[in-house]
2 protein chains.
Amino acid sequence: MTSMKCHKCAERASIRMRQHRLALCKEHYLEWFVEQTERAIHKYDMFTRQERILVAVSGGKDSLALWDVLWRLEYPADGLYINLGIDSEEAYSDESERYAREFAAERGLKLHAINVQEMYGETIPQMARRTRRTSSGRVKPCSACGMVKRHEMNRVARDLGYAILATAHNLDDEVAILFGNVMMWQTDLLARQSPTLAAAEGFTRKVKPFCRFYERETAAYTLLRGIPYIEEECPHAVGSKQLYYKDLINKIEEEQPGTKLAFYAGFLKAKEKGAFRELPDAARDGELHPCPNCGQPTTSAGVCAFCRSFNL
Amino acid sequence: MTSMKCHKCAERASIRMRQHRLALCKEHYLEWFVEQTERAIHKYDMFTRQERILVAVSGGKDSLALWDVLWRLEYPADGLYINLGIDSEEAYSDESERYAREFAAERGLKLHAINVQEMYGETIPQMARRTRRTSSGRVKPCSACGMVKRHEMNRVARDLGYAILATAHNLDDEVAILFGNVMMWQTDLLARQSPTLAAAEGFTRKVKPFCRFYERETAAYTLLRGIPYIEEECPHAVGSKQLYYKDLINKIEEEQPGTKLAFYAGFLKAKEKGAFRELPDAARDGELHPCPNCGQPTTSAGVCAFCRSFNL
């Protein structure tokens, strides 16, 4: 991509990271990427090699990269794939499941695969249509999808005794979420957004080891490692607010390189200093308690939103 | 501009405000604008008719509109014009002073006009060049200009016994400032940004009665009232971060009408609920104390930045 040289060996650089003033060849990039992940794991007290980790795997570049790195670092990490039943021209969910399964089989790793339709009788889009869930005024399955994934990830992690739930959110994801939370001043969400969310009240500890990588960096890792992954975006993501914010922030980043990392790191620092107060969440019905049906933590008055949605 | 009708009288509308779902003819717009200002004055406990007000007047559309509205509402408001000595192709400062003086003369209002060069021996650009003050890496007088204006506004208000200092910051200004403070997580500035900043430790109370008006609304008021004002922007504003943020936010607003007001109002609400903690300001040298030279409040170890800059 450039005629720059690797800062470590003078080979031709494969990637240049302006915000780090660093250019690296393929070999040293793959090494650097793994080291940086290990550094984030320590920096944010995510987990040790004595804790069993469940990686949420979608079949996309970020989650397969995360599983690959944890495997190379010899962390005891198994995968969880959730087939959401999303189709468009391509069988999006079945395709992505195939990538996740192939990745696990090649490395002899354990993948837990669950299928929402087989377990609960409906795909996510079917359930979203029936319950008329909307996002930004349109009937979109995105909020239903998020709710189901959170429920299932936590359920499986607890049922199978994993101490840690790892997701592959990258810096672009985190910054878009943060930007959205700030634009709406969702102070309860601001207070909760963190690379490591401690286990509490029936929730497994959640960690995001890639939270400081730009999306292009996780993409470069997956490509340079030669990991096959599903390249399509979820067909329902088109036109989402989050993609809109990502584009916008990418424009600021182009104008002022380093903005993304400064915005995210500055937020974490302000939080660490105690700049935000955790306030009671008005959107909550009440305190957290186990759902009388499934036992997962919920704030709903009756059964949890998940059980309600699937009429369980 | 549109073929819409005024919501109050069925005349042809002169302005449409999407965020308020409101369209008004000239007459009803001018009425509405004054009512809304009065409402903001009460909502944010800015001042009463018993308090003397000093309006910072630049000769631009916002500050002349503010002085005009306060005059029509019969608040005891005098003006303060600060000639900064800014020239480019046009004599920007002298031109803007002429607009301020004409406005005051026509209404028989009292204008205090001060001239930085006459009082302190140098124009703002001269002082900025000599002291090598920079903004965003370039030698720009903007930070020097802000510092001088804050110093002089507060000095004049205190010397002449005004209880209130009113500036004409509109919603676009406030949102751009807020956006910048958020992108850099300037938590001390977030804690201080407010429509009404209480008097404290040598500072006069500062208020922003236009903080909920879009820039196009203050512009429409000034135009429809037929008030002559300086149309040029300050020549040094070109390429500033604040203008960049304004453009960006305008793009979001176009996409999602109401974003600006929601962002600002949401921030004020979160603050009111106590979502932000005021933290000790690491950028400060120490506690506020009177400058040994001019008596204005400062946090500098010796004389204040203003006195230092002009070698006073």
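Hydrogens, waters and symmetry mates play no part in the numbers below; they use all other heavy atoms, side chains included. Note that the structure is predicted; figures quoted are calculated from it, not measured. Chain naming here is simple, since letters A, B, ... match the order of the sequence lines and numbering starts at 1 in each.
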Are the aromatic ring centres of Tyr244(B) and Phe179(B) under 6.0 angstrom apart? no

Counting heavy-atom pairs under 4.5 angstrom with chain B, the leader among Gln256(A), Lys269(A), Met184(A) is Gln256(A)

Quick one: sort the Phe213(A) and Phe33(A) rings into parallel, tilted or perpendicular, breaks at 30° and 60°. parallel

Tell me if the aromatic rings of Trp32(B) and His20(B) count as close, with their centers under 6.0 Å from one another. yes

Which answer fits Tyr264(A), side chain, backbone, both or neither, if we ask what part of it has an atom under 4.5 Å from a heavy atom of chain B? neither

Under a 3.5 Å distance rule, please check whether Ser194(B) uses its side chain to pair with a backbone N or O of Thr196(B) as donor and acceptor. yes

Region of Ile252(B) in contact with chain A, defined by heavy-atom distances below 4.5 Å: both

Considering only heavy atoms, which portion of Gln186(B) lies under 4.5 Å from any heavy atom of chain A: side chain, backbone, both, or neither? neither

